[in-house]
Amino acid sequence: MISTIQQRSDYTFKANRSLGRHGWLRLTPAYGVKLVEKLLANVDREAIVIDPFSGTATTALVAAELGHQAFSFDINPFLIWLGNAKCRNYSEHCLIDIRKQVKQVLKEYKILIGGDNWTPKIFHIERWWSSDTIKILSALRTALVNQFGEPEDNDDYNLVWIAFCRLIIESSSAAFNHISMSFKETVDEHDCEYIDELFLSIVELILMSAQQNICGSVQVVKVDARHITELDGIKIDKAITSPPYPNRISYIRELRPYMYWTKFLNEAKEAGELDWLAIGGTWGIATSRLNSWQLEDETLPDEILATVNTIKISDGKNASILAVYVLKYFYDMHLHLSSLRSILKDGCELHYIVGNSTFFGNMVDTAALLSESMRVLGYSKISYEIVRKRNCNKSLYEYCISATW
DNA sequence: ATGGATTCGTTCAAGACCTA
DNA sequence: TAGGTCTTGAACGAATCCAT
């Protein structure tokens, strides 16, 4: 049966790029707009939707485009800011104003080049941008701050900073053609004309797609998915989400360039601290912390403990710490599924898009293991099916777990 | 100098994309 | 539409950094 399942590029970030707001900023890996649309196709417009792992707010944006009220949770302040910026409406006047002011800034910022402009303390910054490109980018940033304020200062100007993030990544020497972002062999050199043109084209693209108003409403809020509390008494009808998967890919790793330039991150230590708060984080100190982490709760399903044990006794070089890593992942997800119950309406349907993974060749069947947690926690009608084959390790697939509360 | 902490670099096959 | 080329990727060890 599995052999007939295909890769579906229409369910990945690739298809999202051409879908207006969804294509503003890539997060590796984002899940598909089309999949969310399918899951919401026959849902009553009055239904309130939640995504406890917001990421780039794909679920919330699709839901709001269809007229729903949506809530979206995340623990990363940059993603909360980005999600709210993607899901709000911008007046025509505001868009015209931004276009005019950006053109003015581009005319005037060049006198700042070479001056004492703020530059982020990102590790090995010279591998991301050449020293000349950094001078141009930091001068432009200073001019944009003078004109529009810092990213969180004025919601009307969010679009400028999203465009700046796109400029940051497109002018960088990051190699995005691998599983995780790394660097090209040589650092790209750019002059002012190139940066001006690139920035202007990105701004135009974003302004164009921001014209389309959204009829629903979205609130992206800072919530730790493991400790969900009351939502002003509001109860949820539908939960659609793609939580992190149990593997070593770190969201912080990919988000660093954006987060440093927008001042959501200021030093390397903060990146590790933030990833430790996230479920499945492995960046910086997050991995080291696993050495002293211990399971407090013993109600986890036996299937989870058995999978963890196969990793622990395998001959992988870091088998023992990665066994702890997988255990903590499923413990955190169990806490999440437990605390989520307090905001669900009876009969709420859940759809969790997850991927399996391997550690030293040992399969971690995420869909089956999370289904077990759901069963233990009292969810009903639990089932899962394969959505698509992933374009990597042969045995990796993406699944949709469905359940009812 | 050392060793723990932190960050980087990548295989190879499926499937998308292009060309004639 | 056949056949060639290009693009892509949800682990893991190696490499490098950096307090002590």
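Chain identifiers are assigned alphabetically (A, B, ...) following the order of the sequence lines, protein sequences preceding nucleic acid strands; residue numbering begins at 1 within each chain. If you're wondering where the values come from, they're calculated on a predicted model, not measured in any experiment.
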Residues A:Tyr331, A:Trp293; criterion ring pair (Phe, Tyr, Trp, His ring centres under 6.0 Å); working and verdict:
CA-CA 12 Å; A:Tyr331 171 70; A:Trp293 183 84; 5.6 Å; yes

Mind checking ring-ring contact (aromatic ring centres under 6.0 Å, His included) for A:Trp128 and listing every partner two or more places apart, or none if nothing turns up?
A:Phe183

N or O in side chain of A:Asn318 less than 4.0 angstrom from C:dG13 OP1/OP2
yes

What is the distance, rounded to the nearest whole Å, between atom OH of A:Tyr325 and atom P of C:dC12?
10 Å

With distance as the sole criterion, do the side chain of A:Arg253 and the base of B:dG9 form a donor-acceptor contact below 3.5 Å?
yes

Of the nucleotides B:dT6, B:dT7, C:dA11, which has the atom closest to the A:Ala268 side chain?
B:dT7

Check DNA chain B for consecutive Watson-Crick or G-U pairs with both distances under 3.5 Å and list the runs of at least three as stems.
B:1-10 with C:11-20, B:12-20 with C:1-9

Would you say a side-chain N or O of A:Trp283 is under 4.0 Å from OP1 or OP2 of B:dT6?
no

Does A:Thr287 have a side-chain nitrogen or oxygen under 4.0 Å from the phosphate oxygens OP1 or OP2 of B:dA5?
no

Check: protein-nucleotides 14-19 of chain C nitrogen or oxygen pairs below 3.5 Å:
{"unit_1": "C:dA14", "atom_1": "OP2", "unit_2": "A:Lys317", "atom_2": "NZ", "d": "3.2"}

Rounded to whole Å, CG of A:Leu290 lies from P of C:dC12 at a distance of 14 Å

Identify, with sequence neighbours excluded, every residue that meets salt bridge (Lys or Arg N to Asp or Glu O under 4.0 Å) alongside A:Lys381.
none

Listing request: all side-chain hydrogen bond (donor to acceptor under 3.5 Å, both in side chains) pairs with a residue in residues 275-287 of chain A, at least two apart in sequence or in separate chains.
A:Ser250-A:Asp275

Which whole-number value in Å describes the distance from A:Ile252 CD1 to B:dT6 P?
14 Å

Applying salt bridge (charged side-chain N to carboxylate O under 4.0 Å, His left out) as the test, list every pair that has at least one member in residues 346-366 of chain A; sequence neighbours left out.
A:Lys238-A:Glu349

A:Tyr245 has an atom OH; how far is it from atom P of C:dG9, in whole Å?
13 Å

Taking only side-chain nitrogens and oxygens of A:Arg388, does any of them come within less than 4.0 Å of OP1 or OP2 of B:dG15?
no

Taking C:dA11, B:dT10, B:dT6 as options, the one with an atom nearest any side-chain atom of A:Ile285 is B:dT6

A:Asn247 CG to C:dG13 P: how many Å, rounded?
14 Å

